[in-house]
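Order of the sequence lines fixes the chain letters, A, B, ..., with proteins taken first and strands second; residue numbering starts at 1 for each chain.
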Amino acid sequence: MKKAKFSKLLLAVMLVFLLVLTACTGGDKETSKESDGADKKTEEKEDGLFSVDDFKQVKTNEGEAIEGGNLNFGLVSDTAFEGTLNWNFYSGDPDAQILTWFDEGLLTWDENYVYTNDGAATYEPQEAVSEAVLATLPADQATEVAENGVTIKFQIKDNVNWHDGEPVTAEDWAFAHEVIANKDYDGPRYGSDFTNIVGAEAYHNGEADKISGIEVLDDKTLQITYIQSTPSLVTGSIWSYPLAKHIFGDMAVADISSSPEVREKPIGFGPFIVDSITPGEAVVLKKNPDYWRGEPKLDSVTIKVINPNVVVQSLEKGEVDLISSFNVDQYPDNADMANVEYLGKVDRAYTYIGFKLGTWDKEAGVVKPNPDAKMADVNLRKAMWHAVDNDAVGNEFYHGLRWNATTLVPPSHPEFHDDTNPGLTYDPEKAKQLLDEAGYKDVDGDGVREDKNGEPLVINFASMSGGDTAEPLAQYYIQSWAAVGLKVELLDGRLQEFNSFYERVGQNGDDDPAIDIYQGAWGVGIDVDPRGLYGRDAIYNFSRYASDKNDELMAKGVSKEAFDVEYRKEVYKEWQQFMVDEVPVFPTLYRSIIVPVNNRVLNYSIEEGWANLHELALTQEEALKAE
Amino acid sequence: MWKFTLRRIVTMIPQVLLLSIIVFVLAKMMPGDALTGMVDPNVDPNTIAEKREALGLNDPWYEQYTRWLGGVFQGDLGQSIHFKMPVSELVWQRIVNSFWLSAFTLVLTYLIAIPLGITSGRYNDSWADRLITGYTYVGFAMPIFIFALVMLWVFGFYLDLFPTGGSIQPGIEPGTFEYIMSKIYHMLLPALSMALITTVSTVQYLRSEIVDTKQKDFILTARAKGASETRVYNRHILRNSLLPIAAFLGYEITGLIGGSIFIENIFSYPGMGQLFLSSISLRDYSVVTSLVLLFGMLTIIGGLLSDIILSLVDPRIRIK
């Protein structure tokens with residue numbers, strides 16, 4: 001009896017709790033309704049779509065700047081930052097975000113990513129290759145370098161000083177090269193950019209005690225001789241970050257990256273000076289009054305790691321004025337946030353679908369195309385491109401903030417992106433026709449096409465997990481292909497986790513033969529040269545496509561003639577069309593970057609090459625909150 | 001008892017070794033490695049291949065394992081690939097944060113559990129008891145990560161009472177009073193979120209022990225001697241009812257260092273739990289295996305501590 005009474009009471013208690021809980025959710029609904037209502041007030045187009053063209057790249061300045069002030073920068077990351085705070089050693093993006101505030105490259109670049117002479121150093125390619133350098137080389141190499149190489153002279157401006165007051169010298173710049181080329185160097189920088197310097201490889205292998213191609217002419221003048229002169233050299237292939245020799249000069253190279261001078265009291269010559277670091281969490285910087293571009297207007301900057309889940313709330317509360325990255329998916333719901341202005345531009349990236357056309361030859365380090373691959377028929381590939389409607393994908397999944405991609409050079413490179421090339425457009429009838437002609441016919445009448453020999457054709461599709469849209473997006477593509485009669489299945493029936501995706505697609509050359517097609521994305525370098533992604537010897541050429549014509553076109557793009565921009569444009573225009581004809585991969589979506597900035601911030605810009613952090617200012621002491 | 005302790009420690013060694021082997025092999029079986037995240041057309045693939053070779057990631061697992069183990073015996077836990085610093089240094093940075101957070105949580109847990117447990121046990125089947133038991137049921141049923149998220153949203157963002165991430169206000173001079181206050185302020189919400197949920201089992205144990213003890217003969221005797229009700233409860237019942245709590249204390253103490261994966265990630269609190277999770281996803285093997293080794297040892301030591309504490313507080317239990 002007593003027990004029964006107890007359970008009844010318990011029931012009553014539970015009911016009370018239930019009521020409390022439902023009351024909570026009720027409240028939730030109300031608030032979400034509120035924001036829904038407010039959403040409509042934005043300048044959203046009638047169809048609920050946005051366009052990156054409507055965003056500005058420069059912050060609107062409203063109000064008068066105050067003296068000094070502290071700016072809060074949100075470093076969006078779900079892991080702590082590594083704390084390798086030196087350009088020569090860092091490897092993760094979070095560290096780079098912090099580095100930008102207190103150190104910078106000696107060279108800056110313009111909107112076409114070509115180095116300018118506005119930075120802390122100027123550069124000037126010399127008429128002839130340096131005689132002194134040629135003298136160090138054997139005769140046959142010397143003539144080759146004299147023929148194809150180039151010597152560039154760099155002049156560091158006089159007022160460029162490290163935070164401790166020591167001048168930034170040509171020695172420091174040469175020292176950075178020596179450290180990176182050292183065999184004990186533990187960062188990721190040593191690569192083709194360095195082996196292109198005369199004598200760097202010999203130094204790396206321990207055959208020389210200095211890099212013969214680097215000459216320190218005086219305190220502020222440096223001269224570097226490169227083996228191959230290509231247009232890529234001046235779009236990001238020069239190492240422009242000096243390393244303070246007066247601090248690191250006596251350290252063993254292997255110890256530098258874990259030294260306190262990198263991790264606790266890092267040094268640079270940028271607009272701000274690191275004041276204190278809470279490892280993995282936050283960095284406080286104060287202004288560098290001696291900054292070469294002029295004294296910064298802000299007193300200090302606080303960089304704080306914030307979890308991606310709470311970015312929107314932190315912005316609304318004004319906890320952060322600027323953030324390192326903003327997920328475009330979150331934009332439509334928060335477009336009306338009153339206390340921020342959204343800046344936007346085209347991202348240097350594209351999403352694409354690749355067809356596996358071969359394997360990787362590990363011994364030779366080259367792509368090994370397989371003419372019998374399942375996807376080897378170019379018409380099958382073209383049909384699959386025609387079958388998908390990427391404009392619909394961009395509108396449905398990304399509210400127009402990603403849009404149909406046409407070629408493999410994204411519009412973030414306005415000089416080389418061929419906007420007259422429409423790629424292959426959405427045309428399911430054309431797709432069916434192509435498949436019919438190529439011999440992919442539905443033999444047994446089940447609505448699914450068989451291959452040319454009448455055998456069942458099942459295409460395995462590898463796609464990466466992550467984000468809410470990954471699954472529906474993959475399903476959308478599968479349905480689109482089903483609509484033209486192709487049976488495509490997700491690899492293993494599910495999405496692949498990041499690590500396993502890249503492993504199986506072939507980042508180590510161990511391509512999984514089960515994969516026929518895959519969806520990936522590339523962030524492209526500031527140089528347009530596509531050899532790193534589509535070259536015969538590029539391991540990242542995951543489609544394993546190679547052809548003589550492709551090699552030839554890409555080589556032309558970096559030849560001596562290509563110094564003529566018009567010629568280079570023509571070459572890449574032809575290459576873009578060639579890739580549309582061959583379809584080893586097809587681009588699906590171009591992307592945009594959206595950057596929210598608190599309204600109290602002045603003089604901010606996300607334009608390419610913008611480097612005026614010292615100009616940043618605030619209109620009031622306290623950040624603006626959204627109401 | 002010394003013999004017992006020694007025996008436990010000796011049997012611990014193979015356990016920990018086996019544990020570390022299993023973890024190491026499992027970690028190696030995960031697709032990808034610490035350098036997978038560097039897939040980027042701007043980084044030379046040859047550089048990555050060279051680094052992989054230099055780090056010994058291409059060697060068979062037993063070679064990598066023995067190399068790591070050899071280091072451990074010399075007190076060197078290895079180098080974190082991701083953070084490029086010694087694992088021991090990295091762990092030390094985080095352990096301090098986790099320790100204070102957990103210690104704070106533990107204090108809050110007992111502060112909540114003991115009064116609630118006593119009330120509930122003493123006045124069992126009263127309204128107060130039913131409310132408290134109701135709370136414990138909800139606590140049992142509520143997953144901690146949901147509860148913590150709700151707490152973060154309500155108290156952190158909606159009411160704006162607490163900071164929403166980090167362990168300290170950036171830029172405060174370490175060692176000052178302000179610094180300590182800022183630490184406590186940052187810990188309060190995560191600690192409370194965790195304590196409110198973890199406390200429910202302690203409340204339940206305490207309640208059922210008290211209900212149980214209440215009916216024992218020696219309590220009747222105490223009452224018959226004319227001891228006041230307060231005295232009976234505080235001296236006779238409570239003491240005897242604290243045994244199960246004492247039994248758990250050992251585990252709780254070692255839990256101080258382990259941190260909490262959920263709480264630390266939700267509140268972006270840089271402790272051991274967060275480090276553990278991120279090193280798994282970044283495939284930072286040396287950190288993962290070192291942490292598992294540490295956690296495994298702590299659990300075993302915790303069990304030992306519990307046994308010892310129990311034998312100290314309850315003379316009826318004798319360890320042989």
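Here B/Gln79 contributes atom CD and A/Ser257 contributes atom OG; the two are 7.0 Å apart, rounded to the nearest 0.5 Å. Note that the NZ atom of A/Lys304 and the CD atom of B/Gln169 stand 7.0 Å from one another [nearest 0.5 Å].
Scanning for side-chain hydrogen bond (donor to acceptor under 3.5 Å, both in side chains) contacts around A/Trp101 gives an empty result, with sequence neighbours left out. Looking at residues two or more places apart in sequence or on another chain, you find no side-chain hydrogen bond (donor to acceptor under 3.5 Å, both in side chains) involving B/Asp212.
Contacts between A/Ser300 and chain B at a heavy-atom distance below 4.5 Å are absent for every atom of the residue. Heavy atoms of A/Phe501 lying under 4.5 Å from chain B are absent altogether. The contact between B/Leu152 and chain A is made entirely by side chain atoms (from C-beta outward), counting heavy-atom distances below 4.5 Å. Both the backbone and the side chain of A/Asn307 come within contact range of chain B, judged by heavy atoms closer than 4.5 Å. Only the side chain of A/Ser276 has a heavy atom closer than 4.5 Å to any heavy atom of chain B. Looking at A/Ser192, both its backbone and its side chain come within 4.5 Å of chain B, counting heavy atoms on both sides. For chain B, the nearby parts of A/Asp186 are the backbone and the side chain; heavy atoms of each come within less than 4.5 Å. With a 4.5 angstrom heavy-atom cutoff, A/Arg263 touches chain B only via side-chain atoms. Interface remark: A/Val310 contributes backbone and side-chain atoms alike to the contact with chain B (heavy atom separation under 4.5 Å).
No hydrogens or angles considered: nothing links the side chains of B/Thr164 and A/Gln313 as a donor-acceptor pair under 3.5 Å.
A/Glu281 contributes a side-chain N or O that, together with a main-chain N or O of B/Ser167, makes up a donor-acceptor pair within less than 3.5 Å.
Screening A/Ile277, A/Val284, A/Val305, A/Ile303 for a side-chain contact (heavy atoms from CB on, under 4.5 Å) involving B/Pro170 leaves a single residue, A/Val284.
Contact check for B/Ser281 versus A/Phe498: no side-chain heavy atoms found under the 4.5 Å cut-off.
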Legend entry - Trace of the side chain to side chain contact (heavy atoms under 4.5 Å, CB included) decision for B/Asp160 with A/Lys625: CA-CA 12 Å; B/Asp160 205 0; A/Lys625 296 185 181 198; 3.4 Å; yes

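Within 6.0 Å of the CZ atom in B/Phe140, the count of heavy atoms belonging to other residues, nucleotides or ligands exceeds 12. The local environment of CZ in B/Phe155 is sparse, with at most 12 non-hydrogen atoms from other residues, nucleotides or ligands closer than 6.0 Å.
A salt bridge is absent between B/Arg283 and A/Glu503: the closest approach of a Lys/Arg side-chain nitrogen to an acidic carboxylate oxygen does not fall below 4.0 angstrom.
Listed options B/Tyr269, B/Phe83, B/Phe267 were ranked by heavy-atom pairs under 4.5 angstrom with chain A; first place goes to B/Phe83. Comparing A/Ser500, A/Ala538, A/Ala282 by heavy-atom pairs within less than 4.5 Å of chain B, the highest count is held by A/Ser500.
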